[in-house]
Engineer: 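After the structure tokens below, expect a handful of questions from me.
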Amino acid sequence: MPEGHVLHRLAREHEKALADAALTVSSPQGRARAAAADLDGTTLLAVEAIGKHLFYRSAATTLHVHLGLFGRFRSYHADVPPPRPTTRLRIQGGSTTIDLIGPTDCRIVDRDEEETIRERLGPDPLRADGTAEEFAHRLSRRRITIGAALLDQRVIAGVGNIFRAEALFVAAIDPLRSAASVPLAEATALWETIRTLMREGVRLGRIVAREPVELGLRSRGSIRNADALYVYKRQTCLRCGGTIGSAAVGGRSLYWCPSCQS
DNA sequence: TCTTTATGGTGAG
DNA sequence: TCACCCTAAAGAT
């Protein structure tokens with residue numbers, strides 16, 4: 001159940017574990033037989049993350065993976081269990097075995113198909129090619145709320161339901177404001193907020209929005225999971241004590257503090 | 001043993 | 001906006 005930081009970590013992890021290895025690939029569930037056959041026996045060159053998408057590249061073939069809401073990977077280095085009935089793809093290379101379970105998408109893509117996927121994605125704050133200017137530009141053209149816009153992967157790639165809620169709180173932006181009405185300076189600041197939160201997410205392997213100093217701690221990493229978020233799924237605001245609002249925005253439950261974010 | 005929920009996304013109407 | 005796809009774990013009964 002990943003937002004962008006998880007995918008970028010996975011790309012690093014999988015590339016480190018599998019690059020230059022000859023792959024043994026199977027599809028225990030049977031639904032990814034074609035992809036497994038194409039990838040089997042090839043040598044992995046690189047794994048790239050763009051937003052919530054992963055691309056596994058060997059010389060002649062690229063595998064596209066999107067985990068969706070339910071997808072997950074499991075890695076094994078020893079004591080590899082037999083695949084579960086739901087294991088879509090098992091990739092083994094070197095001393096690592098990686099199982100892919102329940103992805104929304106998992107198939108070989110050609111150059112055109114990859115291009116189509118990339119065209120649907122806005123700037124990714126975790127990538128060097130993602131820029132605040134591009135984000136602000138795309139934001140300014142959307143006639144939806146800023147809360148809905150942050151979940152739109154064409155506006156910004158990799159943000160999910162937790163990052164949008166937490167970033168809007170940290171940036172003190174009312175989620176129901178119109179995306180197009182957010183001034184450039186504020187959009188730029190929001191981009192920086194998101195990028196900082198997501199980079200910390202990659203570093204820590206979890207989402208921690210709270211500042212350690214608020215909890216009398218020295219590092220973000222020492223914040224307990226229960227204390228890590230400002231508004232997501234909370235009842236009361238940690239800053240003002242007011243009631244956290246929640247409503248479906250952009251098709252998902254959004255949480256915000258009507259008093260701190262106005 | 002159910003029912004519910006979840007950090008996502010697509011395509012039809 | 002809605003129905004639908006994918007899976008596992010937690011909570012309710």
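Letters A, B, ... are given to chains in the order of the sequence lines, protein chains preceding strands, and every chain is numbered from 1.
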Engineer: Can you measure A:L67 atom CG to B:dT10 atom P for me and round it to whole angstrom units?
Structural biologist: 14 Å

Engineer: Would you indicate what A:R88 reaches in the nucleic acid, counting non-hydrogen atoms under 4.0 angstrom: base, sugar-phosphate, or nothing?
Structural biologist: sugar-phosphate

Engineer: For A:H66 and B:dG8, is the shortest distance between a side-chain N/O and OP1 or OP2 below 4.0 Å?
Structural biologist: no

Engineer: Report yes if at least one side-chain N or O of A:K233 is closer than 4.0 Å to OP1 or OP2 of B:dA6; otherwise report no.
Structural biologist: yes

Engineer: Categorize A:R120 for me: base, sugar-phosphate, or nothing, with a 4.0 angstrom heavy-atom threshold over every strand shown.
Structural biologist: sugar-phosphate

Engineer: Centre of A:Y255's six-membered ring, under 6.0 Å away, within 45 degrees of the axis: is that where NZ or CZ of A:R234 sits?
Structural biologist: no

Engineer: Measure CZ/A:R154 against C1'/B:dG8 and give the value in whole Å, please.
Structural biologist: 14 Å

Engineer: State whether A:T86 places a side-chain N or O below 4.0 Å from either non-bridging phosphate oxygen (OP1 or OP2) of C:dC6.
Structural biologist: no

Engineer: Give me the one residue out of A:T145, A:V182, A:L168 that meets side chain to side chain contact (heavy atoms under 4.5 Å, CB included) with A:R177.
Structural biologist: A:V182

Engineer: Between P on B:dA6 and CG on A:L229, what's the gap in Å once rounded to a whole number?
Structural biologist: 14 Å

Engineer: Once you round it to whole Å, what is the distance between P of C:dA3 and CG of A:L69?
Structural biologist: 18 Å

Engineer: Expressed as a whole number of angstroms, how long is the span from A:H64:NE2 to B:dG8:P?
Structural biologist: 15 Å

Engineer: Taking atom C1' in both B:dT10 and C:dA8, what distance in whole Å separates the two?
Structural biologist: 23 Å

Engineer: Less than 4.5 Å apart, any side-chain heavy atom of A:L23 and any of A:S58?
Structural biologist: no

Engineer: Expressed as a whole number of angstroms, how long is the span from A:L254:CG to B:dA6:C1'?
Structural biologist: 16 Å

Engineer: What's the CG-P distance between A:D152 and C:dT1, to the nearest Å?
Structural biologist: 14 Å

Engineer: Report the relative orientation of the aromatic rings in A:F73 and A:H14; use parallel for angles under 30°, tilted for 30 to 60°, perpendicular for over 60°.
Structural biologist: perpendicular

Engineer: Any idea which of C:dA9, C:dC6, B:dG8 is nearest the A:K52 side chain?
Structural biologist: B:dG8

Engineer: Mind checking A:E166 for me? I need base, sugar-phosphate or nothing, with any heavy atom below 4.0 Å counting as a touch.
Structural biologist: nothing

Engineer: Specify the residues of residues 101-109 of chain A, ordered by number, for which at least one heavy atom lies under 4.0 angstrom from an atom of DNA chain C.
Structural biologist: A:I101, A:G102, A:T104

Engineer: Pairing donors with acceptors under 3.5 angstrom, does anything connect the side chains of A:H53 and A:D105?
Structural biologist: no

Engineer: Look at A:Q153 and B:dG9 and indicate whether a side-chain polar atom (N or O) is within less than 4.0 Å of OP1 or OP2.
Structural biologist: yes

Engineer: Should we say atom CZ of A:R12 is surrounded by more than 12 heavy atoms from elsewhere, each under 6.0 Å from it?
Structural biologist: no

Engineer: Report yes if the distance between the aromatic ring centroids of A:Y56 and A:H64 is under 6.0 Å, otherwise no.
Structural biologist: no

Engineer: Does the aromatic ring of A:F70 sit over the six-membered base ring of C:dT7, closer than 5.5 Å centre to centre and tilted less than 30°?
Structural biologist: yes

Engineer: Let's see if you can work this out: which of B:dG8, B:dG9, C:dA8 has an atom nearest to the side-chain heavy atoms of A:R84?
Structural biologist: C:dA8

Engineer: Under 4.0 Å: is that the gap between some side-chain N or O of A:Q29 and OP1 or OP2 of C:dT7?
Structural biologist: yes

Engineer: Tell me: CG of A:L100 to C1' of B:dG8, nearest whole Å?
Structural biologist: 15 Å

Engineer: Would you check if A:Q29 and A:P85 make a side-chain contact, meaning some heavy-atom pair closer than 4.5 Å?
Structural biologist: no

Engineer: Is there a side-chain polar atom (N or O) of A:R72 under 4.0 Å from OP1 or OP2 of B:dA6?
Structural biologist: no

